[in-house]
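From a predicted model like this one, the values you see are computed outputs, not experimental measurements. The chains referred to below are lettered A, B, ... by the order of the sequence lines, with proteins before strands, and numbering in each begins at 1.
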There are 2 protein chains.
Amino acid sequence: MTTPKEPPGHGEDDCAFRSFLDRVADKWSMLIVVTLEQTPKQRMRFSALMRAVPGISQRMLTTTLRHLERDGLLTRHFYPEIPPRVEYELTALGKDLKSPMGQLVRWIRFNWKAIKKARGSFDRKKPGRDGRV
Amino acid sequence: MTTPKEPPGHGEDDCAFRSFLDRVADKWSMLIVVTLEQTPKQRMRFSALMRAVPGISQRMLTTTLRHLERDGLLTRHFYPEIPPRVEYELTALGKDLKSPMGQLVRWIRFNWKAIKKARGSFDRKKPGRDGRV
DNA sequence: CGGTATCCGTTATGATACTG
DNA sequence: CAGTATCATAACGGATACCG
């Protein structure tokens, strides 16, 4: 974002808000937060997260975890053993976020069949306009 | 999404879920849905949305509205007057979504100062690692 | 194990110009 | 007014290789 143009009538506060929306309204961020929410131990190792969030690449997991750490939503616990062990845990702020985020994810899980159906009928009506699956 | 590669061990259901997450967990989608939620008339014209969602370009507004329409979250009412008038309104599904989505947006509005602060202290500790605003 | 660095194709998106 | 079309660019994100 980096304050692209500052739309008139809105200060940097609004722009900052947007940059957080960008971060929080992110697929991987959501999946990681709800995954950490659900684990009984409250903490998960890097490799465990990798397995728990299917489809994520090592690079995206690292990147997203750093962003979440930077935003104060989780903490990284590094144990310099051999082999090294790293555990991630939601902060108080992160635990507070898991409720609204979890609700949204649950909403999608519950309603995606309706969305799928809507997409089907929309594509049938307007074949050439937005046919991308 | 277009079913990119189907990560092993997960059916199309999971993949479909992801594609909806991608769509719903989107900055512009969220801002549009919560904007439509808040308008008293329940409906908004294209130009009104353009004004209500500061910073969005005409192209992104059109694109996002089409996606939301395709997903069955809003309906497009076209009045072939001169000049033409188009109004957008949340469907029942869209109105159902506005609650979890609104909560998330409200959470960010309420907590972004804490996030801002967290970012500041993180960047002070690790200057070279993730300096992007 | 838990990363980091790099390459590189795909997608997202802003700017601009044009139209019914 | 409410788009559509086109272009250029930035950002995303996967694959791969290497490291402490």
[X] [atom1] to [N] [atom2], straight-line distance once rounded to whole Å:
X: B:His77; N: D:dA2; atom1: NE2; atom2: P; result: 14 Å
X: B:Leu21; N: D:dG13; atom1: CG; atom2: P; result: 12 Å
X: A:Asp26; N: C:dA12; atom1: CG; atom2: P; result: 13 Å
X: B:Phe78; N: D:dA2; atom1: CZ; atom2: P; result: 10 Å
X: B:Arg66; N: D:dG3; atom1: CZ; atom2: C1'; result: 8 Å
X: A:Ile82; N: C:dG2; atom1: CD1; atom2: P; result: 13 Å
X: A:Leu61; N: D:dG14; atom1: CG; atom2: P; result: 11 Å
X: A:Ile56; N: D:dC12; atom1: CD1; atom2: C1'; result: 13 Å

Does a sphere of radius 6.0 Å around CZ in A:Phe110 hold more than 12 heavy atoms from other residues, nucleotides or ligands, not counting ones at 6.0 Å or beyond? no

Ring-face cation contact, B:Tyr88 with B:Arg45, 6.0 Å cut, 45° max: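 The answer is no, since B:Arg45 fails at least one limit relative to B:Tyr88.
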
Taking the six-membered ring of B:Phe17 as reference, does the cationic atom of A:Arg109 (NZ for Lys, CZ for Arg) lie under 6.0 Å from its centre and within 45° of its axis?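 Cation-pi check for A:Arg109 and B:Phe17: passes.
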
Quick check: on DNA chain C, is the nucleotide nearest A:Pro83 upstream (toward 5') of the one nearest B:Gln58, or the reverse? Name the residue that is more 5'. A:Pro83

Nucleotide of [options] approaching [X] most closely (side-chain heavy atoms):
X: A:Arg59; options: D:dG14, C:dG14, D:dA2; value: D:dG14
X: A:Phe46; options: C:dG3, D:dG3, C:dG14; value: C:dG3
X: A:Tyr88; options: C:dG14, C:dG3, D:dG3; value: C:dG3
X: B:Ser47; options: C:dG3, D:dC1, D:dG20; value: D:dC1
X: A:Arg45; options: C:dG2, C:dT13, D:dA2; value: C:dG2

Nearest 0.5 angstrom please: B:Leu73 CG to B:Ile32 CD1, how far?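 CD1 of B:Ile32 is found 11.0 Å from CG of B:Leu73.
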
I want to confirm an ordering. Mapping A:Pro84 and A:Trp28 to their closest nucleotides on DNA chain D, which one lands closer to the 5' end? A:Trp28

Walk me through whether A:Arg119 and B:Arg23 qualify under side-chain contact (heavy atoms from CB on, under 4.5 Å). CA-CA 12 Å; A:Arg119 284 190 184 177; B:Arg23 185 65 35 83; 3.6 Å; yes

Salt bridge B:Glu89-B:Arg43, side-chain N to carboxylate O under 4.0 Å: yes

Could you work out how much the helix from C:dC1-D:dG20 to C:dG20-D:dC1 bends, comparing the axis of its first five pairs with that of its last five, to 10°?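 Here the helix ends are tilted 50° relative to one another.
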
I'd like to know whether A:Lys116 forms a side-chain contact (heavy atoms from CB on, under 4.5 Å) with B:Phe20, so could you lay out the CA-CA distance, the side-chain angles of the two residues, the decisive distance to 0.1 Å, and finally the verdict. CA-CA 9 Å; A:Lys116 195 174 177 176; B:Phe20 303 130; 4.0 Å; yes

Over all strands shown, is B:Glu81 touching base, sugar-phosphate only, or nothing at heavy-atom distances under 4.0 angstrom? nothing

